[in-house]
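Input: a single structure, listed below in structure tokens.
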Amino acid sequence: MADNNNDMLCKLKRAFELKEVDIKTYSPLSLAFIGDSVYDLIVRSIVVCKGNTSNNNLHKNSVKYVSAVSQAKIIEAVKPILTEEELNIYKRGKNAKPHSGAKNATKNEYLKATGFEALIGYLYLKGETDRIIEIVLKGIKDE
């Protein structure tokens, strides 16, 4: 993990006395679990910082980015800039066998979204916030 005292994960680990775990031992679905929340927080932060509005508008503005369909489009847009390691993490997530499916997406879109979330989770646990922002920014712009 990056040695950055301002990194939220580092602060959480210190405060809650969490032990270091080899990220490579996490299952792709565990990576997707945390990645989903990290990505959701990024999108919600963007939407809220664009201006104070009703909860309904905030929700509408964020849903277009956090759906499985949108995440599948984003990962396709950013694949050319992924490193080999990042692409491998994405593929592990995409090939995982989730226990549920998306309500408004195809199975393939849902699996791509799971891979995207696994990648975001992996980068978060490595402390690579700048890389997450780079990927999300390109993905949202190119989506």
Side-chain angles (χ1 to χ4, degrees), residues 1-51 53 55 57-143:
M1 181 174 47
D3 185 25
N4 179 350
N5 290 331
N6 292 324
D7 183 65
M8 182 170 64
L9 184 58
C10 288
K11 290 179 180 184
L12 289 171
K13 285 183 175 184
R14 278 194 303 273
F16 290 93
E17 299 177 2
L18 302 173
K19 63 181 179 167
E20 285 294 324
V21 177
D22 183 358
I23 297 166
K24 293 178 179 148
T25 64
Y26 284 106
S27 75
L29 294 178
S30 292
L31 295 174
F33 174 79
I34 190 73
D36 176 52
S37 294
V38 170
Y39 180 66
D40 189 57
L41 179 60
I42 291 168
V43 169
R44 286 175 182 239
S45 298
I46 293 166
V47 169
V48 166
C49 290
K50 284 188 174 183
T53 186
N55 268 3
N57 285 340
L58 293 171
H59 179 72
K60 285 179 185 176
N61 291 332
S62 65
V63 164
K64 61 185 169 188
Y65 297 110
V66 296
S67 72
V69 174
S70 292
Q71 290 177 7
K73 288 178 184 174
I74 289 169
I75 194 64
E76 287 302 320
V78 301
K79 268 188 190 177
I81 68 162
L82 297 182
T83 66
E84 187 176 329
E85 176 186 25
E86 292 166 346
L87 198 53
N88 287 336
I89 295 297
Y90 160 71
K91 288 177 181 176
R92 280 184 58 213
K94 182 178 180 274
N95 294 330
K97 304 289 184 235
H99 299 291
S100 61
K103 293 179 269 184
N104 300 311
T106 67
K107 181 178 180 180
N108 193 43
E109 289 168 331
Y110 185 74
L111 294 175
K112 285 180 179 183
T114 302
F116 172 73
E117 291 169 349
L119 173 59
I120 298 299
Y122 179 77
L123 293 171
Y124 172 74
L125 292 173
K126 283 184 69 178
E128 295 188 17
T129 308
D130 290 341
R131 182 63 172 155
I132 294 170
I133 292 168
E134 179 184 355
I135 288 169
V136 171
L137 183 61
K138 176 164 179 43
I140 288 174
K141 284 183 174 181
D142 289 356
E143 188 224 349

Practice item. For A118 and G93, work out which heavy atoms get closest and say how close. Key: CB-CA, 3.8 Å
Per-pair distances, 0.1 Å, donor-acceptor, side chain in residues 31-40, under 3.5 Å, sequence neighbours excluded:
| unit_1 | atom_1 | unit_2 | atom_2 | d |
| --- | --- | --- | --- | --- |
| Y39 | OH | Y65 | O | 2.8 |
| D40 | OD1 | R44 | NE | 3.4 |
| D40 | OD2 | R44 | NE | 2.8 |

Check your understanding: Would you say E76 and F116 make side-chain contact, with heavy atoms under 4.5 Å?
Key -> no
Exercise for review: Answer whether the closest heavy-atom distance between the side chains of L82 and I135 falls below 4.5 Å.
Suggested key: yes
Point to revise | Rounded distance (nearest 0.5 Å) linking atom OG1 of T53 with atom CG of N61 | key: 7.0 Å
Point to revise | Minimal non-hydrogen separation, Y90 against K79, with atom names | key: CE2-CE, 3.6 Å
Review point. If you round to the nearest 0.5 Å, how far is OG1 of T114 from NZ of K97?
Key: 11.0 Å
Revision key, fill the gap. Nearest heavy-atom contact between V69 and N104 is CG2-O, 3.5 Å
Review point. Are the side chain of S45 and the backbone of L41 linked by a donor-acceptor contact shorter than 3.5 Å?
Key: yes
Point to revise | Contact summary for L111 and A96, nearest pair of heavy atoms | key: CD2-O, 4.0 Å
Review point. How close do K138 and A77 get, heavy atom to heavy atom, and via which atoms?
Key: CE-O, 3.7 Å
Point to revise | NZ-NZ distance between K112 and K73, expressed to the nearest 0.5 angstrom | key: 11.0 Å
Review point. How far apart are the closest heavy atoms of Q71 and A113, and which atoms are they?
Key: OE1-CB, 3.4 Å
Point to revise | Trace of the side chain to side chain contact (heavy atoms under 4.5 Å, CB included) decision for E128 with I132 | key: CA-CA 6 Å; E128 295 188 17; I132 294 170; 5.5 Å; no
Review point. How long is the gap from CG on L9 to CZ on R14, to the nearest 0.5 Å?
Key: 10.0 Å
Check your understanding: Does the side chain of I120 reach to within under 4.5 Å of the side chain of V136, using non-hydrogen atoms?
Key -> yes
Exercise for review: Output all residues satisfying salt bridge (Lys or Arg N to Asp or Glu O under 4.0 Å) with R131, sequence neighbours left out; order by chain, then residue number.
Suggested key: E86, E134
Revision key, fill the gap. d(I75 CD1, L119 CG) to nearest 0.5 Å is 5.5 Å
Study note, to complete from the structure: Rounding to 0.5 Å, atoms CG (N57) and NZ (K60) come to a distance of 6.0 Å
